[in-house]
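Some notes on the structure that comes next.
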2 protein chains.
Amino acid sequence: MTLKQLEAFYWAATCGSFTVAASRLHLSQSSLSKRVSELEESLSCQLFDRSGYRCTLTPAGTELLPKARQMLNASEDIVATVGKDLGIKGWCRFGTGEIAASSWLPQFVVSVKQQFPDLSLEPYVELGRELEQRLIDGELDFAIIAHPPSDPSIQYELIAEVDFDWIVAADMPCPRKHALATLVEKLPIISMHKNASTSKILDHWLRMQHNPKPKIVTCNNMSAMAGLVAAGLGISYFPKGWIAPLIEKRIVKIVPGSEPLEKLAYYFHWRADDNRRLIKELKGLVLENVNYGMPILML
Amino acid sequence: MTLKQLEAFYWAATCGSFTVAASRLHLSQSSLSKRVSELEESLSCQLFDRSGYRCTLTPAGTELLPKARQMLNASEDIVATVGKDLGIKGWCRFGTGEIAASSWLPQFVVSVKQQFPDLSLEPYVELGRELEQRLIDGELDFAIIAHPPSDPSIQYELIAEVDFDWIVAADMPCPRKHALATLVEKLPIISMHKNASTSKILDHWLRMQHNPKPKIVTCNNMSAMAGLVAAGLGISYFPKGWIAPLIEKRIVKIVPGSEPLEKLAYYFHWRADDNRRLIKELKGLVLENVNYGMPILML
DNA sequence: CACTCTTACGGCACCCGTAAGAATC
DNA sequence: GATTCTTACGGGTGCCGTAAGAGTG
């Protein structure tokens, strides 16, 4: 019995799939299968029921699972407390929404490369719901998601709260009073894709209104949205930091007198059973970037 | 970091010697040294101070020691609870005193061979004090000793209490009353070697007497002692079971009317930090042999 | 000189990945 | 047929033991 075998078993069991576990451990699927087989052999005990389409845990496997977790925890603990803190090696697969991907991601990657040159980052851009599922499945090491997790097996920590502003083309004439209401009557709202977490902001705003429903145009790309707004084809809402450069260049402007939109809280999500130093370090690095004084969503 | 490395480190640290640890793990000394080095490399951290004659633990090593123990415990726990109980493989090095070695040892070895054909036994015969030290040093896996351990790192369990009788040649004339006192005046007491645990019985008996000190002849071999007694050259005390065959053959006899000697309690000793199934199984086997209904010390 | 641990090195065994096979849906 | 896990196999790495080296008391 080796730690590698226990690790392979643990992730195979909790990912619910040998294939996913192999991917997570950056191992070929056949090697992972072999590791599990060898563990079974060394314990002389079937851990997976292989009769079905997917492998399922036997009672013995279910019994082993928490014990394997303990071993891996203890192992991590040793490395963390006794081992000298060296650079982290290996891979990290993480997920973010599109906004984050197009804003702080490059800077984050640069920070990681500086601090951990031997770590390979594999960003994965998807909508929040999808990211959470992939995290649960063990395909991702962590994810930045704009809502708290719905599954208790996921731990999370607040990273930042992002302010949004109503934006309109800089040359769009606006009345002094009730500018937003006037604009909404004339122009469509250009909104993020419905499944994106940012769309929650619009949902919330809409519930606050008693006006008839405004026209809404959806788009799945922030830059394209900004272009549409700049061309005077609609109004939209953007993260303050993200849109700031365009305001400075007088391409767009904040809708005057508009009430602030609901803040969007971003959380760092990770599997509660994953206590690798890797996770802690990268969480720290994300938080550090926030603490540089600039909003996390900065182009 | 692997379990083998942690095991090597643990025994190197607790045995206080790479050489002894290697012997205990049935590994060449150089391989053990390499395992420890590789552990240090994987933790990027010196665990032993190699400047002196012997290696000593660094602070980091001291910190690691209990954690390594936990890992090995957890590992043993998994094998014990999840793993199917198969025959035990490997080696077991154990110690006994001379009495045990010349009495129940062969039967014990046969029992072990029957139940665990793949287990190699390595008996080691020494005096009790010596055995305990070798147990502490990690050179022995267990020992049968006629006194409780003096070191708290050793666990123990009562195996059997052995009765001793005063023995004299069968044809030696004995008065009806005070036979023992009369014999002691005429004949020397043939006793086991002073460092043997059985000598405690004589010490105890002597303290109970207010007579002048009797002549005492020591001998380091039970069979030789029996021969001396049979030849009428002295009296001695033997375990009931051990001497029974010679009584039946009317070569020696119990000194009539002699008061019973103090019982000698035999204990199964093992290192408290050694929780291998091997130990539990062999302890059980020793106890089973006792429970066969015959005294443990049976030729 | 006895004893400790380390280093060098040849050989074997283990473990990985590729690729093909078997089974399920 | 797509996906899942297993098996076969070639190749490289890791680990063991022998033997020689270096340092201590």
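The sequence lines fix the lettering, A, B, ..., with proteins before strands; numbering per chain opens at 1. Just so you know, these numbers use all the heavy atoms, side chains as well, and skip hydrogens, waters and symmetry mates.
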Listed pairs under 3.5 Å, donor-acceptor, residues 29-37 of chain A side chains, sequence neighbours left out:
residue: A/Ser31; atom: OG; partner: A/Ser28; partner atom: OG; Å: 2.9
residue: A/Ser37; atom: OG; partner: A/Ser33; partner atom: O; Å: 2.9

Residues two or more places apart in sequence or in another chain: which of them pass ring pair (Phe, Tyr, Trp, His ring centres under 6.0 Å) with A/Phe268?
-> A/Phe142, A/Trp270
Under 3.5 Å, side-chain donor or acceptor atoms of residues 75-82 of chain B against the rest of the protein: list the pairs with distances, not counting sequence neighbours.
residue: B/Glu76; atom: OE1; partner: B/Arg277; partner atom: N; Å: 3.3
residue: B/Asp77; atom: OD2; partner: A/Lys67; partner atom: NZ; Å: 2.9
residue: B/Thr81; atom: OG1; partner: B/Asp77; partner atom: O; Å: 2.9

Of all residues at least two apart in sequence or in a different chain, which pass the salt bridge (charged side-chain N to carboxylate O under 4.0 Å, His left out) check with A/Arg134?
-> A/Glu130, A/Glu139
Determine which pairs satisfy salt bridge (Lys or Arg N to Asp or Glu O under 4.0 Å) with at least one residue from residues 4-18 of chain B, sequence neighbours left out, and list them in order.
-> none
Nucleotide N/O to protein N/O under 3.5 Å, stretch nucleotides 20-25 of chain D:
none

Sorted by chain and residue number, the salt bridge (charged side-chain N to carboxylate O under 4.0 Å, His left out) partners of B/Glu40 (sequence neighbours excluded) come out as B/Arg50
side-chain hydrogen bond (donor to acceptor under 3.5 Å, both in side chains) partners of residues 51-65 of chain B, not counting sequence neighbours, each pair once | B/Asp49-B/Ser51
Ion pair present between A/Arg24 and A/Asp141, side-chain N to carboxylate O less than 4.0 angstrom?
-> yes
For DNA chain C, which residues in residues 31-45 of chain A have a heavy atom at a distance below 4.0 Å?
-> A/Ser31, A/Arg35, A/Glu38
With sequence neighbours excluded, what pairs up with B/Arg93 under the salt bridge (charged side-chain N to carboxylate O under 4.0 Å, His left out) test?
-> B/Glu122
Quick one: on DNA chain C, does A/His26 or B/Cys55 contact a more 5' nucleotide (nearest heavy atom)?
-> B/Cys55
Kindly write out the residues that satisfy salt bridge (charged side-chain N to carboxylate O under 4.0 Å, His left out) with A/Glu157, not counting sequence neighbours, or none if the list is empty.
-> A/Lys283
Would you jot down, in residue-number order, the residues of residues 3-23 of chain A having a non-hydrogen atom under 4.0 Å from DNA chain C?
-> none
